[in-house]
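The basis for the numbers below is simple: all heavy atoms, side chains too, and nothing from hydrogens, waters or symmetry mates. If you read the sequence from its start, that first residue is 1, and numbering goes on from there. Given the structure is predicted, the values throughout are model-derived calculations rather than measurements.
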Amino acid sequence: MAMREVAMTGRAESRQGRLLVVGTPIGNLGDLSPRAAEAFRRADAICCEDTRVTSKLLAHLGVERPLIRCDENVIASRAPGLVERMLDGDVLAYASDAGMPGISDPGQVLVESARAEGVPVEVVPGPVACATALVASGIPCEHFFFEGFLPRKAGERERRLRQLATVPGALLFYESPHRVVATLESIAKVFPTREAALCRELTKLHEEVVRCSAPTLHEEMAAREQIKGEIVIVVAPPSEEESATCGADAAWDAAAADAIDPDAAIRADIKAALEAGEPASAIAKRLSQRYSRRRREVYALVLELQQ
């Protein structure tokens with residue numbers, strides 16, 4: 001195995017094949033860096049979540065390159081072939097629909113596969129929605145915790161929020177416009193005394209940042225007929241009184257860390273899939289892509305919960 005890895009690494013380096021992970025605008029095309037544009041021009045092909053989205057970006061740049069769909073449903077199966085291409089000397093770029101690849105999107109699967117085979121990975125930084133929202137909210141950001149998407153079911157969502165209650169920093173969540181009101185309801189229930197901010201359409205013409213108490217924010221959004229756009233929710237850190245109530249100190253300690261079960265959400269999804277009769281191998285494939293986890297790790301969890 002070691003000899004194979006050395007041989008592959010040497011082949012990749014000699015032919016200059018590599019993976020370019022390219023950050024793209026989260027809304028405003030003016031945020032696309034010259035280096036990102038050059039990365040697309042250098043690439044032999046561009047892997048992307050949605051070819052329609054990326055083709056519009058390339059048209060804006062006047063760049064024509066073959067596009068390879070690599071969304072969460074197919075990237076795990078296509079990664080080995082893409083890695084082989086890079087080992088043979090191709091330069092491939094990867095772009096999310098918006099923002100920095102690898103953060104709550106399937107790009108991490110391709111990065112992990114490339115690094116495992118010795119393919120050089122070059123990151124071209126770009127805008128990040130969660131960081132942009134945190135700054136725009138004005139909520140103290142000396143420390144923060146990025147959660148990504150919360151569980152869809154209310155009970156699981158509220159359990160996860162209670163687990164996060166002792167984190168001594170701002171909490172950042174991504175959410176879709178269709179579920180945002182339900183998520184805000186859970187946040188208001190678990191954090192009734194905290195301020196929260198809803199940030200949507202960041203860097204776009206209709207950018208909006210609404211900050212108030214969590215219950216008020218829920219009421220205001222629930223009263224709207226429609227909410228559009230990509231959304232980031234920022235929840236303020238716990239006050240000293242809340243930290244004391246939770247039995248937490250101002251510092252993040254091992255006891256607080258142990259209280260957060262990193263597998264809670266994926267275990268819940270596995271249980272639901274098993275109850276629905278989905279085969280173990282299919283569950284492992286689907287959820288490894290969704291949670292950016294190694295398939296064998298997810299498969300081990302599936303087998304554990306099958307017993």
Side-chain angles (χ1 to χ4, degrees), residues 21-33 36 47-60 69-73 75 94-108 124-139 141 144-152 157 160-161 170-188 195-212 214 217-218 220-236 265 289-292:
V21 183
V22 186
T24 57
I26 58 176
N28 192 319
L29 288 177
D31 294 333
L32 184 72
S33 71
C47 307
C48 52
E49 284 190 272
D50 189 326
T51 56
R52 295 167 298 180
V53 173
T54 302
S55 63
K56 291 178 182 178
L57 180 62
L58 295 180
H60 171 74
R69 183 172 67 90
C70 286
D71 59 29
E72 64 178 4
N73 297 312
I75 193 167
Y94 176 84
S96 302
D97 286 348
M100 197 63 221
I103 300 178
S104 280
D105 86 9
Q108 192 247 343
V124 181
V128 181
C130 58
T132 303
L134 179 58
V135 174
S137 72
I139 285 173
C141 55
F144 60 89
F145 184 95
F146 174 66
E147 173 72 2
F149 289 91
L150 286 162
R152 296 188 178 192
R157 185 167 57 239
R160 181 57 178 163
L161 288 169
L171 303 175
L172 304 176
F173 307 100
Y174 285 163
E175 194 51 275
S176 75
H178 309 294
R179 297 195 301 268
V180 67
V181 172
T183 294
L184 288 173
E185 182 178 15
S186 295
I187 290 173
E195 285 205 339
L198 181 141
C199 309
R200 67 178 192 88
E201 296 288 79
L202 291 169
T203 77
K204 298 180 183 179
L205 180 62
H206 299 293
E207 175 179 308
E208 180 183 32
V209 178
V210 181
R211 175 179 165 180
C212 49
L217 183 60
H218 167 243
E220 182 170 333
M221 293 302 122
R224 295 193 181 186
E225 291 185 3
Q226 189 176 32
I227 301 173
K228 295 182 179 181
E230 300 298 321
I231 294 167
V232 184
I233 300 170
V234 185
V235 178
Q289 295 167 3
R290 177 178 177 185
Y291 288 93
S292 297

If you take all heavy atoms of [X] and [Y], which pair is closest and at what distance?
| X | Y | answer |
| --- | --- | --- |
| Val234 | Leu134 | CG1-CD1, 3.8 Å |
| Asp31 | Pro127 | CB-CG, 4.0 Å |
| Leu32 | Gly23 | CD1-O, 4.3 Å |
| Val209 | Cys199 | CG1-SG, 4.0 Å |
| Cys70 | Pro106 | O-CG, 3.9 Å |
| Val21 | Pro101 | CG1-CB, 3.6 Å |

Set of side chain to side chain donor-acceptor pair (under 3.5 Å) partners for [X], sequence neighbours left out:
| X | result |
| --- | --- |
| Asp71 | Arg69 |
| Glu207 | none |
| Asp50 | Arg52 |
| Glu185 | none |

*asked:* What I'd like to find out is whether the side chain of Phe146 reaches to under 4.5 Å of the side chain of Val128, using heavy atoms alone.
replied: no

*Would you call Tyr94 and Glu49 a side-chain contact if the rule is heavy atoms closer than 4.5 Å?*
yes

*Name the one of Thr183, Ile227, Ile231, Val180 that satisfies side-chain contact (heavy atoms from CB on, under 4.5 Å) with Met221?*
Ile227

[atom1]/[X] to [atom2]/[Y] distance, rounded to the nearest 0.5 angstrom?
| X | Y | atom1 | atom2 | value |
| --- | --- | --- | --- | --- |
| Leu171 | Phe144 | CG | CZ | 11.5 Å |
| Asp97 | Thr51 | CG | OG1 | 9.5 Å |
| Leu202 | Cys130 | CG | SG | 10.5 Å |
| Ile233 | Leu184 | CD1 | CG | 4.5 Å |
| Arg160 | Leu150 | CZ | CG | 8.0 Å |
| Lys228 | His206 | NZ | NE2 | 9.0 Å |

*Derivation and outcome, side chain to side chain contact (heavy atoms under 4.5 Å, CB included), residues Leu29 and Leu57*: CA-CA 8 Å; Leu29 288 177; Leu57 180 62; 3.6 Å; yes

_Audit row: Leu172, Glu147, side chain to side chain contact (heavy atoms under 4.5 Å, CB included) steps and yes/no_ = CA-CA 6 Å; Leu172 304 176; Glu147 173 72 2; over 6 Å; no

*What do the steps show when you test Ser186 against Leu161 for side chain to side chain contact (heavy atoms under 4.5 Å, CB included), and what is the final call?*
CA-CA 8 Å; Ser186 295; Leu161 288 169; 3.8 Å; yes

*CD of Glu195: more than 12 outside heavy atoms within 6.0 angstrom?*
yes

*Mark yes when over 12 heavy atoms from residues, nucleotides or ligands other than Lys204 sit less than 6.0 Å from its NZ; otherwise mark no.*
yes

*Can you name the residues that form a salt bridge (Lys or Arg N to Asp or Glu O under 4.0 Å) with Arg179, not counting sequence neighbours?*
Glu175

*What do the steps show when you test Glu220 against Val210 for side chain to side chain contact (heavy atoms under 4.5 Å, CB included), and what is the final call?*
CA-CA 9 Å; Glu220 182 170 333; Val210 181; 3.7 Å; yes

_Sequence-distant partners of Ala214, side-chain contact (heavy atoms from CB on, under 4.5 Å), two or more places apart_ = Ile187, Ala188, Ala196

*Report yes or no: does Arg211 contribute a side-chain atom to a donor-acceptor pair with the main-chain N or O of Ser137 at less than 3.5 Å?*
yes

